[in-house]
Amino acid sequence: MRIGFLGGLSGSVADLGESGRNGAQIAVEEINRSGGVNGRQVELIVRDDAQSPERAIAATNELIALHVEGIVGPMTSAMAEVALPIAQQAGIVLVSPTVTARKFFGLEDNLFLLMSSTREEARLSAEFHFNENGARHVVAIHDLKNRAYTESWLREFTVAFQDLGGEVFPVAYESGSEVNFGSVVRAALSKQPDAVLMIASAADAARFAQKVRERNPKILLFGSQWAATERLMELGGQSVEGMVLHNYFDRDSKAPELVRLRDIYTQRFLREPGFAGVAAYDATRILLMALARRQHGEPLQETLVTRGPFPGAEGEITFDRFGDNRRLSHVTVVRDGQFVTLR
Amino acid sequence: MSTPGQSTATGEWSLRSSLVALLVVATLVTFTLIGIAILAYRVPAILAEDREHMRNEAVGLAHYFEQLIDSLEGRLGTLAALDMSMSPRQIQRFLDSVIAEGGFKAIYVLNPKGHVEYVALPEEAREARANVVGADLSRNPLLVSVRKFGRRAWSDRYLSALTGDATIGLAIPFDGYTLLGEVAPGFASEVLQAGTEDMIYPVLVVDRAGEYVVGRNLAEGDRLRNWAAELNGVSPGRMGDVRQIRFAGRPYDTGLARSDKLQWTFMVAYPTGMDNPRVRVTIVLVLVGFAGSILLALVLAPLWAVRMSAPLQDLIAQTRALTSGTFGGKVSRGRILEFNQLAADMESMATAIRERQGELEKSEERLLQSLQNVQQLNLLLEHRVELRTIDLERANRELSEAMETLKLAQGELVRNETLASLGNLVGGVAHELNTPIGNGVMAVSTMHDQVRTFRREMANGLRRSTLEAFVERVERGSEIAVRNLQRANELIASFKQVAVDQTSAQRRRFKLSEVIDEILMTLQPTLKRTPFRVERQIPDDLVLESYPGPLGQVLTNLLTNALTHGFEGRTYGLIRISAERHGDDQIVLRVADDGAGIQPDLFPRIFDPFVTSKLGRGGSGLGLHIVWNTVTVVLGGSITVNSTPEQGTEFRIILPLVAPRQPNNG
């Protein structure tokens, strides 16, 4: 029995893909050690979308041609945009650990989402920073390369923040080797904001943070969950201290499954799983468990919707009829090079 | 007879065929054994050699990588001598000159706080410098480790501070500063390309965490996966190791070597088992040899067989000639010693046969003469026999006539015997009837007397008491008369049945117990006069469709026999009659006495006619013959007898429940 994994394993978002793949690999190895799915051993087939639509289409087709039972992924909304129509046509279920763009929610499609939509996260973020941090003028740097996600996030945040009485100035850039981080930051700070929002990957967010701190050591930095990986600290150093982000799981949680997963992951891969690793582990386990629970002749989508709840590392997971999980993310802050959960 | 070169339908083989088969089979078996031996010895040896080779390749590759990494380290190491008090422009120039030598895509100088003070980039990427200068890399894992241990270190997989891409980095601490070099992305793959130019099987380099660094000839799935599980426990060091690892689902013997400096594992794979090219070549060679030997054997064996069997054909032809009487042929000689000996022996055998044949012919003549004598004697004998035969025929005829007469006499006697038993029956009937009729007569005559007496008394005047007494007496007398006459009536009805049965041989359905009771009743007068007893034990449910008359006669005869022969001169005796079911459609009827038994000299002939122990004293000698005849012919059963002198005799009669129909009374 084969299942696929689709994620970005090269380029600047490789950290997300790699953590996801590692989480999926642990889940598959665990189920194989316990006898497989209904006695069948599971093979994980990994494909790299390299954050490019062409590669994502090719990789999805390849996985379908290999007769996978379902796919864990993709890891970003931009890739979900191209992979979903292909999977939909082939009747293959996508269980995405990390896709959050608003447009995928509330649809009866083959895409199952573990995280709540950008709307929930962006609203939470808007309320938190307006109420708790007193932010009123926010400049939002966002990456056009993952437009499906960033624009959705930005839109939801803008609506919510403006409703509260704040002001949002968007600054767009497109990630890649030619980006001049200094000039983007210069443009952003010229708006005289009291907070900088980065809807960007960890690698980009870290370097924006560096540039912001060079000019303004005090200003509030915050970001979306996309940047909440260990790489943020690795590349950002001191400059990301105090940055507020969102996280799929509570890093201070003592949930035994989560603690166990983090131990196994760290020992095996020599680094922390991050939200992508934990979510991909959950997504893979859900997919495998649904395959095991599926009745003869039942579409997998139906199994996922009707035969829940499924166990997650931090608690049970249930899908509504649209295949959405609507789980609220946690608010975290970087303190001494570590993520600390605020709520 | 088989013709040469063919096997016959009965499975015989000609010498030529069996020789061909022998040669072919011997060749095949030999080559199969040799082939298996070669494979059994060579295949593991080849695989072992290749494993050793792969181990060396992996160690060599690790060494090669380390050498090139050393040269990079040397290049960066020269900068460790920088005097940071020099002018920034000068420092930048030094950095740029090192980066121009290639191998690095970025070189940073980090100040004690971990911030980038200088950065050197290749010509084409200089404009990105502004992104980097001033960046805070204090949490960079490589920097953290270098600071912790205070000596130069190569990174594991390292995220470029410039692009965020995964690459490898080298950090060298000096004077509180740190030099950080990021190796160009193409470097590792170029080195691998150069180090493994002629390899067509998977080559893979993974980092400490089992993550892909660079590789060749890999499927996409193998490039994207994590290898930590496969490498679990690889012994670090330069001696390397060999394991079987699957690439794209197929097993490969994989040489493994670990670089201490880089903490990388180098894997060089070579197909194992049947996929191993050298193993395949060996197997193909063995198969070609095998096929060649079959062909050669098939071509050579018939030629050899023809040559071998030619003298034998000659011998066979010669033997046939001998059989048909042709002598003097010479057998040709071949090259095989045994065949030549056989040919010489055959020739001398032919001579011996010829001589003996001459002698045989002579003695045959003599034999013919004596045979003629015998024939004359025979004729004489035949004549005499004829004469005797005529005499014998006459005597025989006379005997046959006497026999006929005897048979007639026998029939007469049998009829007499039947009549005698009828006489017995009538006697029995008379006796039985005697009592009730006598009683009846007596009662009636008594009544008659009383009537007369009553008439007399009536003349003197009738008294009431007298009338009452008379009526009572008449009533009692008539009661006695009626009872006895009824009894007589019953007896007559029962005898009637016996008489009908006995005289008509009627076939009907009857209860065995009833018929036996009736028979016993007819014998009652005879038995009464003797001290002997008869016990019967007949189940009530035995119903036969048979001939009750003949059956009664059989019983009567057997009982009479017991009384007259068995118990002669005795004061006691018991006859037991019993019957039981025998199988589904037969019964067995036993008549046993505890009398004198049958004399041993009579026993074998007991059912023959005219056999009696009372010859000349009243016995006809036909009783048991009639019994035997009736049982076997009329009733369709069989009878056997057991007897012990002075112990008793038991007749055992087996009868079918349904007797066969007699042709004459349908």
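Values below: every heavy atom of this structure, side chains too, minus hydrogens, waters and symmetry copies. All of these numbers come straight from a predicted model, not from anything done at the bench.
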Which atoms of [X] come close to chain B, meaning under 4.5 Å heavy atom to heavy atom: side chain ones, backbone ones, both, or neither?
{"X": "A:Q210", "result": "side chain"}
{"X": "A:E241", "result": "side chain"}
{"X": "A:V240", "result": "neither"}

Practice problem: Output yes when B:D136 and A:R213 qualify as a salt bridge under the 4.0 Å nitrogen-oxygen rule, no when they do not. | Solution: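 Salt bridge: no.
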Quiz item: Is it the side chain or the backbone of B:R223 that comes within 4.5 Å of chain A heavy atoms, both, or neither?
Solution: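 Only the side chain of B:R223 comes within 4.5 Å of chain A.
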Self-check item: Proximity breakdown for B:V133 and chain A, heavy-atom pairs closer than 4.5 Å
Solution: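 Just its backbone gets close to chain A.
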Quiz item: Between A:D143 and A:S175, do the side chains contain an N or O donor and an N or O acceptor separated by less than 3.5 Å?
Solution: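 Yes, because at least one side-chain N or O of A:D143 sits under 3.5 Å from a partner of the opposite role on A:S175.
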Self-check item: Test of ring centre spacing under 6.0 Å for A:Y173 and A:F208
Solution: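 Ring centroids of A:Y173 and A:F208 are less than 6.0 Å from each other.
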Quiz item: How long is the gap from CD on B:E182 to CD1 on B:I107, to the nearest 0.5 Å?
Solution: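 So the gap between those two atoms works out to 10.0 Å.
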Hey, which of [options] has the most heavy atom pairs under 4.5 Å with chain B?
{"options": "A:E62, A:R21, A:K211, A:R268", "result": "A:R21"}
{"options": "A:E43, A:R271, A:Q25", "result": "A:Q25"}
{"options": "A:E214, A:M233, A:R47", "result": "A:R47"}

Quiz item: What's the shortest heavy-atom distance between A:A188 and A:I141, and which atoms?
Solution: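 Scanning both residues completely, I find the closest heavy atoms to be CB-CD1, 4.0 Å.
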Quiz item: Do you know which of B:A135, B:G210, B:S138, B:G249 has the most heavy-atom pairs under 4.5 Å to chain A?
Solution: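 Heavy-atom pair counts peak at B:A135.
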Quiz prompt | side-chain contact (heavy atoms from CB on, under 4.5 Å) partners for B:R89, two or more places apart | solution =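 Testing B:R89 for side-chain contact (heavy atoms from CB on, under 4.5 Å), a comparison that skips the adjacent residues, returns B:S87.
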Quiz item: Among B:Y201, B:F247, B:Y252, which one satisfies ring pair (Phe, Tyr, Trp, His ring centres under 6.0 Å) with B:Y270?
Solution: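 Only match with B:Y270 under ring pair (Phe, Tyr, Trp, His ring centres under 6.0 Å): B:Y201.
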